[in-house]
Amino acid sequence: MNDRIFEGKPLKQWMDEYPMLRSMVETDEVFWTNHKYEKFEDAIKKIGLTEDDVREAEERLERFAPYIAKVFPQTRETNGIIESPVVFIDNMKKELEKMYGQDMPGKLMLKCDSHLPISGSIKARGGIYEVLKHAEDLALEKNMLSKDDDYSVMDGEKFKEFYSGYSIAVGSTGNLGLSIGIMSAQLGFKVYVHMSSDAKQWKKDMLRSKGAVVVEYDSDYSKAVEEGRKQAESDPNMYFIDDENSKNLFLGYCVAAGRLKKQFDEMNIAVDSDNQLFVYLPCGVGGGPGGVAFGLKLIFKDNVHCFFAEPTHSPCMTMGLMTGLHEKVSVQDFGIDNITDADGLAVGRPSGFVGKTLENLISGSYTVSDEKMYAMLKKMIDSEKIELEPSALAGVIGPVKLLSEEAGKDYIKKKGLDGKMENAIHMAWATGGSMVPKEIMKEYYKKGLEILERQ
Ligand SMILES: *Cc1c(COP(=O)(O)O)cnc(C)c1O
């Protein structure tokens with residue numbers, strides 16, 4: 001561990017103030033509830049983003065829907081709206097109760113962003129949205145398009161030729177690159193994806209097959225982002241999608257919340273003071289889960305409780321929120337290696353923008369071992385026939401933690417929810433998986449099987 005000073009204090013002093021950090025350094029699992037959590041009405045006053053910003057993002061996606069439907073036939077059924085199913089997973093709930101010996105009152109649901117069309121992960125929200133916004137900005141600026149046009153005109157040589165004069169760069173652990181690469185290449189942009197060492201080979205291969213330039217690094221995600229940023233600075237026609245700071249990415253993710261509300265309405269599911277919603281979101285740098293959580297808070301306010309889920313080896317957001325140091329501290333500063341098979345979550349330094357935005361709105365955060373993610377991956381396939389990538393399982397254990405950890409029970413009690421847990425909906429946000437090649441999914445399954453057999 002290094003002896004640098006963080007906001008006037010050495011790391012040892014931070015660990016004395018927040019003893020949970022010691023467990024995190026040991027890469028033990030932790031469950032943390034947020035001492036800065038506030039009522040929605042108080043918290044929202046301090047945040048620069050509003051419902052209007054989210055509405056604008058929703059409208060932009062609607063303008064693009066005819067184009068999306070035209071170029072991605074898999075979205076025709078939803079008229080060009082990129083959305084995922086939400087399902088009850090009663091069988092998996094029983095499995096979890098058995099695995100961890102913890103009763104789970106209420107219902108367990110899965111939000112299947114793993115099955116979002118086009119790129120098969122939560123990044124099909126933010127990543128694709130920001131590429132579309134940039135494309136629209138350019139076309140409006142050069143009078144190629146007006147907001148009242150049918151955007152399906154963008155599928156043609158004229159626009160491809162136009163966008164080929166511009167390029168897009170991004171740094172990624174894999175899935176963001178996949179979303180941005182696929183969308184940018186489809187529009188005609190040149191696209192450069194800077195990939196960290198965790199990025200899976202199949203994601204790189206797929207991107208190259210779509211015409212993206214993949215630049216590989218022998219180091220982690222932060223370095224890939226830094227190099228992407230540097231590359232774009234030297235070229236005025238190159239646009240950098242900044243996963244660590246982008247408001248546009250964040251707003252693209254926020255849109256999920258209104259869509260979920262609609263799905264709930266169609267299923268006759270109410271979220272109100274008697275029917276509380278608990279959401280568990282796998283977290284890397286924070287944009288995806290942070291955007292979704294922010295959108296959900298705007299709609300369900302104090303009746304929704306959002307928790308971030310991270311690997312024990314990459315607990316950057318938990319550390320940043322707990323200490324308030326946010327992007328000023330990395331897991332490596334504490335001597336944690338940031339090595340995890342949950343490649344979507346292999347991020348050592350959190351987004352300061354997201355951490356500060358969610359500082360008073362997030363209920364808590366926890367960590368989970370790779371072994372448990374693999375074990376749940378296998379059980380999810382056995383019990384529900386749903387194939388997820390390891391990262392996407394981090395959220396699934398959330399209700400077990402909330403209901404069994406002292407800090408979780410305390411949270412429920414202090415919020416006066418003890419008598420309401422029978423009505424609760426626990427929702428795990430499944431963030432990726434449907435594009436994982438069959439052979440690799442088989443290997444994941446086998447790993448889960450081996451881990452379960454060893455126990
Ligand atoms: C990117 C990703 C996440 C987390 O999103 P962040 O914006 O990095 O926090 C979670 N799961 C998967 C599968 C991802 O690809």
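Read the numbers this way: they start at 1 and go in the same order the structure lists the ligands and their atoms. None of these values were measured; they are calculated from a predicted model. Numbering starts at 1 and runs along the sequence shown.
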Quick one: does Ile122 get an N or O within less than 3.5 Å of an N or O on ligand 1? no
So the atoms of ligand 1 within less than 4.0 Å of a heavy atom of Val285 turn out to be 6 (P), 7 (O), 8 (O), 9 (O)
Check your understanding: If you measure every N/O of Asn175 against every N/O of ligand 1, is any gap under 3.5 Å?
Key -> yes
Query - N-O pairing of Lys98 and Glu95 below 4.0 Å - result: yes
For this session: Give a yes or no on whether Lys301 atom NZ has more than 12 heavy-atom contacts from other residues, nucleotides or ligands under 6.0 Å away.
Result: yes
Checking heavy-atom distances from atom 9 (O) of ligand 1 to each of Ser121, Ser351, Gly286, Gly288, the winner is Gly286
- prompt: Thr431 to ligand 1: N or O pair under 3.5 Å?
  reply: yes
inquiry  = Between ligand 1 and Ala392, can you find any atom pair, the residue atom being a heavy atom, that is separated by under 4.0 Å?
reply    = no
With heavy atoms and a 4.0 Å threshold, my read on which part of Met317 contacts ligand 1 is neither
Atom 4 (C) of ligand 1: closest protein heavy atom, distance to 0.1 Å, is Gly284 N, 3.5 Å
Heavy-atom nearest pair, Asn248 first then Tyr129, reads O-CD2, 3.1 Å
**ligand 1 to Leu345 polar contact by distance, N or O atoms, under 3.5 Å** = no
Taking only non-hydrogen atoms of Pro289 and a 4.0 Å limit, the atoms of ligand 1 in range are 4 (C), 5 (O), 6 (P), 7 (O), 9 (O)
I want to check something: taking the side chain as every heavy atom from C-beta on, are Asn34 and Leu321 in contact at a cut-off of under 4.5 Å? no
Practice prompt. Look at Arg208 together with Glu216 and state whether they make a salt bridge at an N to O cut-off of under 4.0 Å.
Written response: yes
Salt bridge flag under 4.0 Å for residues Lys447 and Glu450:
no
Over 12 foreign heavy atoms within 6.0 Å of NZ, Lys39: no
Heavy atoms of Ser179 and Ser119 approach each other most closely as OG-OG, 2.7 Å
One finds that the ligand 1 atoms under 4.0 Å from a non-hydrogen atom of Lys123 are 1 (C), 2 (C), 3 (C), 5 (O), 14 (C), 15 (O)
Can you tell whether the side chains of Glu389 and Lys203 come within less than 4.0 Å, N to carboxylate O?
yes
If we number the atoms of ligand 1 from 1 as shown, the ones under 4.0 Å from a heavy atom of Ser391 are 11 (N), 13 (C)
Please confirm whether Val347 comes within less than 3.5 Å of ligand 1 when only nitrogen or oxygen atoms on both sides are compared. no
Please report whether ligand 1 has a polar contact with Pro282, defined as an N or O pair separated by less than 3.5 Å (distance criterion only).
no
